[in-house]
**Q** 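Would you mind keeping the following structure in view while I ask a few things?
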Amino acid sequence: MASKPEENADFDKMVKANFPGAISNKELETKVANILSDKGLNPANTLLCTSLCCDELARTLEDDLNKVYGHNFNLGGLSGFPFAGNTGFGAMSAHVPDDGYCLLVHGPHVGITQDGVIGKVERSGIALVDNCCGSAIAASNYLKGITDGGAKITTKLQQFSDFQQGAVQELILPFGKRLNDADNRMKELPYALYDSQDILVRDIVSGGAGGIKQGLALLSGIQINTSPDTLDYFHPLRFDYYNGDGEVVEDLLPGLKVSTL
């Protein structure tokens, strides 16, 4: 297994300049575990559930959290959308230990290169600096074709062989003006996707609230993937704690905020 990269102060500064509020996965893992421990969540009584992109780079965050909570239940598909839906959430809830908890982590991801290009990332063993997230960028290009008036008429509405990407393209449609108006489309793209996913995931949790046992912690934000030589990051945007009745009773996000002192 490859060793973890060392912290890089210059790169850390660049990431946080582009994504204010981001913290390294290393810091996220420690803070989340400490905060949830105070709520009674521990490796023995907590099931980790994720809705992250299929991309292998998204596994880095899962691996970091697996070290604490063990194997995860997967709800996610392309771009991190919760394609397992209500059925997946219901199955996951049944797997939570008796009188136990769930930690649900979700969000889209975006790459940043060593020289600060957003929407690209260096990958191990590949000379090409690749798109990240490829699914999100393809959906963005599809949307741009519509808003710019260059989209071609097609008789294909939906294909099983690529239905997830078709869904991502539909779910990004409301953000056409927002992305066109953005100073940096690739930087704005994951936040637009996040806003869509945030609504969907919270609706799924609300619909399956009866399956929550002792409680559920919902952590969501933007994964920031980097080269194999640098740490990955996460910009936390929501960290809610639900009680056994499915009610949000505490906002845990302040505990993840970056200190300005």
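Along the sequence shown, residues are numbered consecutively beginning with 1. FYI, side chains are in, hydrogens and waters are out, and symmetry mates aren't considered; it's all heavy atoms of this structure.
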**Q** Between Cys132 and Val110, is any pair of side-chain heavy atoms under 4.5 Å apart?
**A**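 Contact flag for Cys132/Val110 side chains = no.
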**Q** Less than 4.5 Å apart, any side-chain heavy atom of Ser79 and any of Pro108?
**A**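 Not in contact.
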**Q** Whether Glu188 and Arg185 form a salt bridge (side-chain N of Lys/Arg under 4.0 Å from carboxylate O of Asp/Glu) is what I want to check.
**A**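 Result for this pair is no, no salt bridge flagged.
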**Q** Quick one: CG on Leu104 to CE on Met92, what's the gap to the nearest 0.5 Å?
**A**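 Answer for the CG-CE pair, Leu104 versus Met92, is 6.0 Å.
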**Q** Kindly compute the distance separating OH (Tyr241) from CG (Leu41), expressed to the nearest 0.5 Å.
**A**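 Separation between the atoms: 6.0 Å.
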**Q** How far apart are the closest heavy atoms of Gly80 and Gln197, and which atoms are they?
**A**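 In this case the closest contact between Gly80 and Gln197 is O-OE1, 3.6 Å.
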**Q** Take Leu218 and Phe239 through the side chain to side chain contact (heavy atoms under 4.5 Å, CB included) test and state the conclusion after the steps.
**A** CA-CA 5 Å; Leu218 175 61; Phe239 196 14; over 6 Å; no
**Q** Can you list the steps and then say if Arg59 with Asp63 is a salt bridge (Lys or Arg N to Asp or Glu O under 4.0 Å)?
**A** CA-CA 6 Å; Arg59 307 285 74 77; Asp63 290 345; over 6 Å; no
**Q** Take atom CG of Asp115 as the centre, draw a 6.0 Å sphere, and report whether it contains more than 12 heavy atoms from other residues, nucleotides or ligands.
**A**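 Result for CG/Asp115: enclosed.
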**Q** First locate atom CG of Leu216, then atom CG of Leu103, and finally report the distance between them rounded to the nearest 0.5 Å.
**A**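 One finds 8.0 Å between CG of Leu216 and CG of Leu103.
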**Q** Quick check against the 3.5 Å criterion: does Asn243 have a side-chain atom that pairs as donor or acceptor with the backbone of Gly246?
**A**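 A pair under 3.5 Å: yes.
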**Q** Look at Arg123 together with Asp55 and state whether they make a salt bridge at an N to O cut-off of under 4.0 Å.
**A**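 Between Asp55 and Arg123 there is a salt bridge, with a charged N closer than 4.0 Å to a carboxylate O.
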**Q** Please report the interatomic distance CZ(Arg202) to NE2(His106), rounded to the nearest 0.5 Å.
**A**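 Reported to 0.5 Å precision, the distance equals 8.0 Å.
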**Q** Starting from the C-alpha separation in whole Å, work towards a yes-or-no answer on side chain to side chain contact (heavy atoms under 4.5 Å, CB included) for Val117 and Lys120.
**A** CA-CA 6 Å; Val117 178; Lys120 299 278 188 180; 3.8 Å; yes
**Q** Using side-chain heavy atoms (C-beta onward) and a distance below 4.5 Å, is Leu65 in contact with Val68?
**A**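 When only atoms from C-beta onward are counted, Val68 and Leu65 do not touch, as no gap falls below 4.5 Å.
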**Q** Are Asp64 and Lys26 within salt-bridge range, i.e. N to O under 4.0 Å?
**A**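 The answer is no: the pair does not qualify as a salt bridge.
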**Q** Phe83, Leu173: one ILVMFWY side-chain cluster at the under-4.5 Å cut-off?
**A**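 Same cluster: Phe83 reaches Leu173 through Ile, Leu, Val, Met, Phe, Trp or Tyr contacts under 4.5 Å.
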**Q** Side chains of Thr46 and Leu48: closer than 4.5 Å at any heavy-atom pair?
**A**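 No. Closest side-chain heavy atoms not under 4.5 Å.
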**Q** Without swapping roles, check the side chain of Asn131 against the backbone of Cys133 for a donor-acceptor pair under 3.5 Å.
**A**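 Looks like no, no N/O pair under 3.5 Å.
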**Q** State, to 0.1 Å, how close Ile172 and Ala139 come at their nearest heavy-atom pair, and which atoms those are.
**A**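 Minimum heavy-atom separation between Ile172 and Ala139: CG2-O, 4.0 Å.
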**Q** Can you give me the closest heavy-atom contact between Ser24 and Leu231, atom names plus distance?
**A**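 Looking at all heavy atoms of both residues, the shortest contact is CB-CD1, 4.2 Å.
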**Q** For the residue pair Leu75 and Gly88, what are the closest heavy atoms and their distance?
**A**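 Between these two residues, the closest heavy atoms are CD2-C, 3.6 Å.
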**Q** Return the minimal non-hydrogen interatomic distance between Ala217 and Leu36, and the atom names on each side.
**A**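 Minimum heavy-atom separation between Ala217 and Leu36: CB-CD2, 3.7 Å.
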**Q** Do Ile224 and Ile137 belong to the same hydrophobic cluster, where Ile, Leu, Val, Met, Phe, Trp and Tyr are linked whenever their side-chain heavy atoms lie under 4.5 Å apart, directly or via other members?
**A**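 In one cluster: yes.
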**Q** In terms of heavy-atom contacts, does NZ of Lys213 have more than 12 from other residues, nucleotides or ligands at under 6.0 Å?
**A**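 Count over threshold, so yes.
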**Q** Give a yes or no on whether the backbone of Leu52 and the side-chain of Thr50 come within a donor-acceptor separation of less than 3.5 Å.
**A**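 Such a contact is absent between Thr50 side chain and Leu52 backbone.
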**Q** Before you tell me yes or no, could you show the steps for Tyr194 and Ile222 under side chain to side chain contact (heavy atoms under 4.5 Å, CB included), namely the whole-Å CA-CA distance, both residues' side-chain angles and the distance that decides it to 0.1 Å?
**A** CA-CA 7 Å; Tyr194 173 82; Ile222 311 297; 3.7 Å; yes
**Q** Going hydrophobic residue to hydrophobic residue with side-chain gaps under 4.5 angstrom, can you get from Val96 over to Phe73?
**A**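 In one cluster: yes.
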**Q** Distance check, rounded to the nearest 0.5 Å: Leu171 atom CG versus Leu200 atom CG?
**A**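 Rounded to the nearest 0.5 Å, the CG-CG separation comes out at 6.0 Å.
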**Q** Output the distance between atom OG1 (Thr147) and atom CG (Leu179), rounded to the nearest 0.5 Å.
**A**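 If we round to the nearest 0.5 Å, Thr147:OG1 and Leu179:CG are 8.5 Å apart.
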**Q** In this structure, are over 12 heavy atoms from other groups packed under 6.0 Å from Asn34 atom CG?
**A**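 Check passes, neighbour count above 12.
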**Q** Are a donor atom and an acceptor atom from the side chains of Asp232 and Asn225 found within less than 3.5 Å of each other?
**A**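 Asp232 vs Asn225: donor-acceptor pair found between side chains.
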**Q** For Asp195, is there an ion pair with Arg178 - N to carboxylate O distance below 4.0 angstrom?
**A**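 Yes, this pair counts.
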**Q** Taking C-beta and beyond as the side chain, do Phe89 and Thr87 meet within less than 4.5 Å on heavy atoms?
**A**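 They are not in contact (no side-chain heavy atoms under 4.5 Å apart), so the answer is no.
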**Q** I want to check something: taking the side chain as every heavy atom from C-beta on, are Leu256 and Leu219 in contact at a cut-off of under 4.5 Å?
**A**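 Touching, per the 4.5 Å side-chain cut-off.
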**Q** Just wondering, are more than 12 heavy atoms of other shown residues or ligands nearer than 6.0 Å to CD in Glu56?
**A**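 Counting neighbours around CD of Glu56, more than 12 heavy atoms of other residues, nucleotides or ligands fall under 6.0 Å, so yes.
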**Q** For Leu61 and Leu28, run side chain to side chain contact (heavy atoms under 4.5 Å, CB included): C-alpha distance rounded to whole Å, both residues' side-chain angles, the deciding distance at 0.1 Å, then the answer.
**A** CA-CA 9 Å; Leu61 177 60; Leu28 179 76; 3.8 Å; yes
**Q** Membership question, hydrophobic clusters at under 4.5 Å side-chain separation (ILVMFWY): are Leu47 and Val201 in the same one?
**A**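 In one cluster with Val201: Leu47, yes.
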**Q** Is it true that His235 and Tyr191 have ring centroids separated by less than 6.0 Å?
**A**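 Yes, the ring centres sit under 6.0 Å apart.
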**Q** Counting distance only, does the side-chain N/O of Asp245 pair as donor-acceptor with the main-chain N or O of Glu247 below 3.5 Å?
**A**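 Side chain of Asp245 to backbone of Glu247: no pair is present.
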**Q** With heavy-atom distances below 4.5 Å as the criterion, would you say the side chains of Ile212 and Ser93 are in contact?
**A**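 The answer is no, as the side chains (C-beta and beyond) never meet within the 4.5 Å cut-off.
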**Q** Honestly curious: do Ile112 and Val121 fall in one hydrophobic cluster under the side-chain, below-4.5 Å linking rule?
**A**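 No, because Ile112 and Val121 fall into different hydrophobic clusters, even though each may have its own neighbours under 4.5 Å.
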**Q** Hey, which of Thr226, Asp12, Asn18 is the one that makes side chain to side chain donor-acceptor pair (under 3.5 Å) with Tyr233?
**A**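 Result for side chain to side chain donor-acceptor pair (under 3.5 Å) with Tyr233: Asp12.
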**Q** State, to 0.1 Å, how close Pro97 and Ala44 come at their nearest heavy-atom pair, and which atoms those are.
**A**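 It is CG-O, 4.0 Å.
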**Q** Does a donor on one side chain and an acceptor on the other come within less than 3.5 Å for Glu62 and Asn66?
**A**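 No pair is found: no donor N or O on one side chain lies under 3.5 Å from an acceptor on the other.
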**Q** Any heavy-atom pair between the side chains of Glu250 and Lys39 that's under 4.5 Å?
**A**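 The answer is yes, as the side chains (C-beta and beyond) meet within the 4.5 Å cut-off.
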